[in-house]
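Notes to accompany the following structure.
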Amino acid sequence: MKQVRIYVTYKQSVFDPQGETIKESIQTMGHTEIKKVKVGKFFDVTIDLGASDLEQIVKSIAEEMLVNFNLETYRYEILEEA
């Protein structure tokens, strides 16, 4: 089994209101050196198949369910053998 983490984030060209709110809160705390915050999410998935199918499974999960391609993009990494 493989443990995979799928990261979903806004595209660079998309305004991130949650990130902007967090950035403003951090600056209010006195950290004016913070100029940008991007918010995303991740999903840890355990897959019980050989590595040869792994990329296709992750692609299918991300593209059919997790990602809105109008706003978001994704990447993934293999964390460990589960």
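Hydrophobic clustering, with ILVMFWY side chains joined whenever heavy atoms are under 4.5 angstrom apart, keeps Ile61 apart from Tyr7. The hydrophobic clustering, which links ILVMFWY residues whose side-chain heavy atoms are closer than 4.5 Å, places Tyr10 and Ile22 apart. Each of Val39 and Tyr74 belongs to its own hydrophobic cluster when Ile, Leu, Val, Met, Phe, Trp and Tyr are linked at side-chain heavy-atom distances under 4.5 angstrom. In terms of hydrophobic clustering, with Ile, Leu, Val, Met, Phe, Trp and Tyr side chains grouped at heavy-atom distances under 4.5 Å, Phe42 and Ile6 are assigned to different clusters.
Minimum interatomic distance between Val14 and Lys38 (heavy atoms only, all atoms of both residues): O-NZ, 3.5 Å.
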Practice prompt. Check step by step if side-chain contact (heavy atoms from CB on, under 4.5 Å) holds for Phe43 and Val8.
Written response: CA-CA 8 Å; Phe43 303 88; Val8 179; 3.8 Å; yes

Item to complete: Test side-chain contact (heavy atoms from CB on, under 4.5 Å) on Tyr76 and Lys59 and set out the steps.
Response: CA-CA 9 Å; Tyr76 71 94; Lys59 183 177 184 210; over 6 Å; no

Discussion item. Would Leu79 and Val4 count as a side-chain contact (heavy atoms from CB on, under 4.5 Å) here? Give the steps.
Written reply: CA-CA 6 Å; Leu79 298 178; Val4 177; over 6 Å; no

Item to complete: Decide side-chain contact (heavy atoms from CB on, under 4.5 Å) for Lys23 and Ile26; before the verdict, give the C-alpha distance in whole Å, the side-chain angles of both, and the deciding distance to 0.1 Å.
Response: CA-CA 5 Å; Lys23 179 196 79 169; Ile26 292 170; 5.8 Å; no

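Remark: side-chain polar atoms of Lys11 are paired, donor with acceptor, to backbone N or O of Phe69 under 3.5 angstrom. Panel note: side chain Ser60, backbone Gln56; no donor-acceptor pair is recorded below 3.5 Å. Panel note: side chain Glu20, backbone Asp16; no donor-acceptor pair is recorded below 3.5 Å.
Glu72 is listed as a side-chain neighbour of Lys41, based on a closest heavy-atom distance under 4.5 Å.
A distance of 9.0 Å separates OG in Ser13 from CG in Leu71, rounded to the nearest 0.5 Å. To the nearest 0.5 Å, atoms OG1 (Thr73) and CG (Asn68) are separated by 11.5 Å.
Residue Gln18 qualifies as open at atom CD: its count of foreign heavy atoms under 6.0 Å is 12 or below.
In this model, no donor atom of one side chain and acceptor atom of the other lie less than 3.5 Å apart for Gln27 and Thr32.
The side-chain contact (heavy atoms from CB on, under 4.5 Å) test with Ile78 is passed by exactly one of Ile47, Val58, Leu54: Leu54.
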